[in-house]
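Inspection log for the structure reproduced underneath, given as C-alpha cells.
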Amino acid sequence: MAVKTPTPASARDAPQTALDLRLARDGKRRRSRKPDHNPLRDGLRLERVPDPHVFVLFGATGDLTRRKVLPALYQLWRTNLLPHEYRVVAIGRRDYDDASFRAEARTALETFSRVPLETEPVRTFLDRVDYHQGDFDDDGMFERLATRLDGLDQTHGTRGNRLYYLATQSSAFPLVIGQLGRVGLDHEVHGGGWRRVVIEKPFGRDRDSAIRLNREVGKVFREKQVYRIDHYLGKETVRNLLVFRFGNGIFEPLWNRRYVDHVQITVAESIGVEGRGAFYEETGASRDFLQNHLLQLLALVAMEPPATMDADALRDEKVKVMRAVADMTPAEIDRDVIRGQYGPGWVSGEQVPGYRSEPAVHAASETETYVAAKFAIDDWRWSGVPFYLRMGKRLPKRATEIAIQFRPVPHRLFREAAVDPEPNLLAIRVQPDEGILLRFGSKVPGLGLDIRTVNMDFTYGSAFSVDSPDAYETLILDALLGDASLFTRADEAEAAWGIVTPILEAWAGRPAPPFPDYAAGTWGPPAADQLMETDGRRWRRI
Ligand code: BG6
C-alpha cells in the first residue's frame with residue numbers, strides 16, 4: 001500500500017533542471033549562468049527534470065524493453081534528465097536476480113543504445129535497476145511488489161511517485177491493471193505520490209475490445225493517469241508538424257480544400273516481420289499501423305488549430321477530425337482499401353523469404369503486410385480532398401513521408417513552354433533524412449522559356465547541429481513530467497478503431513485476394529497503383 005514518506009533532505013534539495021543536476025552530480029552548485037553559458041543553447045528551454053520516482057517496468061525481458069525502453073531510460077539518465085532519486089523495478093517471469101538482470105540490461109544497452117556507452121553513466125544507471133520476478137496472475141507477486149516499492153520510497157527517496165510501464169503483450173494489460181488496483185498501487189497520495197500508467201499498443205483489437213479495455217483501465221485509473229503510447233507521436237518530425245502548421249503564418253491559409261488537391265501519407269519499411277511472426281499474424285498491417293501510426297499522422301495533418309497546447313485541447317481536435325472521416329460501405333471498402341502480402345524477393349541486394357515462410361507464420365496465412373486506403377474527411381476544410389494512406393513491409397526502402405499535393409494553377413499561362421510546371425508539392429520527410437521539401441516550377445536559365453520543377457529543401461541535419469532524441473526518450477520523459485499531449489486519449493483510441501473496424505469486418509467476411517501479391521523489394525500490390533490511377537493520380541516515388 002502507498003505510504004506517504006517523509007521527504008528526505010536529498011529530495012527536498014532536488015535539482016530542478018538538467019543543468020542543476022549535472023552541477024550537483026559534479027559536486028557543484030549553480031552560481032551564475034555565465035560560466036556555463038553555451039550560445040548554441042540560447043533560446044532553448046532548460047529541460048525540466050521529473051520528480052523522484054520508481055519506473056515500474058512490466059515485460060522486463062521482452063523485445064520492446066531491450067530495444068527501446070532501456071536504451072531510452074539510459075539516454076535520459078546519461079543526459080541528466082532523470083532525478084537522482086530514481087529507480088527501475090523490472091518485472092518478468094524469468095528467473096533472474098538483480099545482478100543477472102543487470103547483466104542482461106547491459107547487453108541490451110550494448111546492442112541497442114543509439115549512443116556509445118560510457119562507463120560511469122552505465123554503472124550508475126544499472127545500479128538503479130532491480131528485478132522483481134513473478135507471474136502477473138500471482139496475487140502474492142503484486143503484494144510483494146507493493147511492499148518493495150514502499151521500501152524504495154524509504155531507502156531511496158522516491159517519494160511514492162510511480163510510473164507503471166506496460167511493455168507486455170496486450171493480452172496482459174487488463175490483468176496487470178486489475179492487479180495494480182487490487183493492491184492499491186493506483187492510489188495517488190495527497191500532497192505527493194503520483195501514479196501513472198503507460199500502455200503500449202495495440203490498444204485493443206477492434207472498437208469493441210478497445211471500449212472494453214478502456215472500461216477495465218477506467219475501473220482502476222483516472223483518465224489523467226493513463227498514457228496510451230503511439231511512438232510515432234514522439235518522433236521529432238511529427239512533433240514539428242504542429243510547429244510547422246501552427247507556428248508559421250504562411251501555410252495555414254493554404255491548408256484546405258481550396259488549394260490542396262490531395263494528401264499522401266506513406267510509411268514504407270524494408271524490413272519484414274523481424275522474428276515477430278506470431279505477433280504479426282494477430283495484428284497485420286491494419287492493426288499494427290493503420291489504426292495508430294497512420295491515422296495519427298492523418299489527424300495531425302487534418303486537424304483544426306487547437307486553442308492552446310494543452311493536452312486536452314490538442315486531443316479534442318484530433319478526435320474531431322477522426323470522427324469526421326467518412327464511413328465507408330462494404331462496396332467502398334472493396335474499392336478504396338487495398339491489402340497485400342509480400343512474397344519472396346530481393347531487398348537491398350539480399351534475397352529474402354516471403355511472409356508465409358517467416359517463422360511462426362501460417363503457410364497459408366491471409367494476414368496483410370501492406371495496406372493502402374483512400375479516406376474522405378467530411379468537414380468544411382477537407383470536403384472533396386482525398387487522403388491516401390499506405391504502409392507496407394518489405395518495400396524497397398525505409399521511408400515515411402507526408403505529401404501535400406497542391407492544385408494546379410487555375411490558368412495555364414505558359415502553354416508555349418516545353419514542359420508545364422508540375423503542381424506545387426510540400427513533402428514532410430518524417431524519416432530518414434528528416435526534412436521538408438517544397439516543389440515549385442522555375443524558369444530554366446536561357447533565352448527560351450523552359451520551365452522545370454525545382455526543390456527548396458530544408459534538412460534537419462544541416463539546419464540543426466544536434467541529434468534528435470529517439471521517440472521513446474521524448475515520450476517517456478513527457479509521461480514522467482505529466483504531459484499527456486503526445487499520448488492517445490480513450491475517446492481517440494476508440495475513434496481510430498471506429499475507422500478501422502468496418503474494414504476488418506468487411507475483410508473477415510470474404511476471402512483475401514490471392515496472396516502473396518507483391519514481391520519483397522517492390523512497391524506493393526498492383527491494386528494499390530490502380531487505386532490511384534482510377535483517380536487520375538499516382539503514388540509519389542520516394
Ligand atoms: C511498431 C510496429 O509500432 O513500429 C512495427 O509494431 C514497426 O511493426 C515499427 O516496424 C516501426 O517503427 P519506426 O520507429 O522504426 O518507424
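The figures that follow rest on heavy atoms only: side chains count, while hydrogens, waters and symmetry mates do not. Each ligand, and each atom within it, is numbered from 1 in the order the structure gives.
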Handout entry: E223 and its salt bridge (Lys or Arg N to Asp or Glu O under 4.0 Å) partner, picked from R489, R315, R228
Key =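 Filter result, single survivor: R228.
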Handout entry: Given R205, R287, R276, the one that forms salt bridge (Lys or Arg N to Asp or Glu O under 4.0 Å) with E282
Key =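 Single salt bridge (Lys or Arg N to Asp or Glu O under 4.0 Å) partner of E282 among R205, R287, R276: R205.
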Starting from [atom], what is the nearest protein heavy atom, named by residue and atom, and what distance separates them?
atom: atom 15 (O) of ligand 1; value: R398 NH2, 3.4 Å
atom: atom 14 (O) of ligand 1; value: K235 NZ, 2.6 Å
atom: atom 10 (O) of ligand 1; value: E269 OE2, 2.7 Å
atom: atom 5 (C) of ligand 1; value: R276 NH2, 3.0 Å
atom: atom 4 (O) of ligand 1; value: H231 CE1, 3.3 Å

Practice task
Check E274 against ligand 1 and report side chain, backbone, both or neither, counting heavy atoms closer than 4.0 Å.
Solution key: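 No part of E274 comes within reach of ligand 1.
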Handout entry: Distance-only polar pair, side chains of Q341 and E366, donor-acceptor under 3.5 Å
Key =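 No.
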Exercise for the section: Consider only side-chain N and O atoms of R93 and Q133, and report whether a donor and an acceptor are under 3.5 Å apart. Expected result: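 Note: R93 and Q133 side chains miss the donor-acceptor criterion.
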Which atoms of ligand 1 have any heavy atom of [X] under 4.0 Å away?
X: D288; answer: 2 (C), 5 (C), 6 (O), 8 (O)
X: H293; answer: 1 (C), 3 (O), 4 (O)
X: K393; answer: 5 (C), 7 (C), 8 (O), 10 (O)

Problem - Partner of Y370 by ring pair (Phe, Tyr, Trp, His ring centres under 6.0 Å), out of F289, Y518, Y342 - result: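 Running ring pair (Phe, Tyr, Trp, His ring centres under 6.0 Å) over F289, Y518, Y342 with Y370 returns exactly one hit, Y518.
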Exercise for the section: Fit a plane to each ring of W255 and F251, take the angle between them on a 0 to 90° scale, and name the class: parallel (under 30°), tilted (30 to 60°) or perpendicular (over 60°). Expected result: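 Perpendicular: the ring planes of W255 and F251 meet at over 60°.
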Exercise for the section: If the plane angle is over 60° it's perpendicular, under 30° parallel, otherwise tilted; pick one for H231 and Y472. Expected result: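 H231 and Y472: parallel rings.
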